[in-house]
Amino acid sequence: MPVTVPITPFATSNSTRAASVANAAADAGNYNAFLQLLVTELRHQDPMKPMDPTQTVTQLATFASVEQAIQTNSLLASLNENSALSQASSLIGRTVSSADGKTSGVVKSVMIDDGGMIAVLADGRKVLLGPGVTIS
């Protein structure tokens with residue numbers, strides 16, 4: 001998804017612009033967008049008042065932090081998927097009942113999609129596993 005960044009007027013201080021770039025990057029949640037913002041900032045800085053070297057270092061440090069956060073989130077997502085698969089395999093052969101009690105049966109297989117875990121029963125019916133579901 002493209003990120004639209006308003007160009008800060010030259011009258012604004014370098015530190016204010018640096019903070020706005022860092023905040024926009026945090027909002028965007030991805031370091032490629034942050035890199036684009038940083039390059040845009042450098043292209044549009046006032047040549048008569050170049051960015052303070054301290055601000056440049058601060059922005060690069062922020063860039064590194066955003067990159068590390070993205071890598072950490074990726075690792076956590078992978079661990080979460082592994083945990084979900086482990087839980088799913090332990091449900092096969094067990095009996096589940098939907099939260100409303102209308103659907104019940106023995107779990108033949110389990111699917112994991114964006115909506116969560118879905119137990120496929122021996123008769124082909126499906127139960128979304130979540131709050132209120134009984135497993136026995």
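No hydrogens, no waters, no symmetry mates; every other heavy atom, side chains included, goes into these values.
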Restricting to non-hydrogen atoms, name the atom on Val96 and the atom on Ala119 that form the minimum distance, rounded to 0.1 Å.
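For Val96 versus Ala119, the nearest heavy atoms are CG2-CB, 4.3 Å.
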When rounded to the nearest 0.5 angstrom, what distance separates CD1 in Ile112 from CG in Asn80?
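That separation rounds to 9.0 Å.
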Check whether any side-chain heavy atom of [X] lies under 4.5 Å from a side-chain heavy atom of [Y], and answer yes or no.
X      : Y      : value
Val106 : Leu121 : no
Ile135 : Thr95  : no
Val110 : Ser89  : no
Ile118 : Leu129 : no

Checking the side chain of [X] only, and the main-chain atoms of [Y] only, is there a donor and an acceptor separated by less than 3.5 Å?
X      : Y      : answer
Thr58  : Thr54  : yes
Ser78  : Ser74  : no
Ser98  : Thr103 : yes
Asp113 : Gly116 : yes
Ser83  : Leu79  : no
Arg125 : Gly105 : no
Thr40  : Gln36  : yes

Linked, directly or transitively: Leu91 and Val133 (ILVMFWY side chains, under 4.5 Å):
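Yes, Leu91 connects to Val133 through the hydrophobic network.
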Single-linkage hydrophobic cluster Val107~Leu128, side-chain heavy atoms < 4.5 angstrom
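As far as the 4.5 Å side-chain criterion goes, Leu128 and Val107 are not connected within one cluster.
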Does one side chain, of Thr134 or Ser97, offer a donor that lies under 3.5 Å from an acceptor on the other?
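No, no side-chain donor-acceptor pair sits under 3.5 Å.
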Taking salt bridge (Lys or Arg N to Asp or Glu O under 4.0 Å) as the cut-off, I'd like each qualifying pair that reaches into residues 85-108, sequence neighbours left out, listed once.
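Counting only pairs at least two positions apart or across chains, no salt bridge (Lys or Arg N to Asp or Glu O under 4.0 Å) contact touches residues 85-108.
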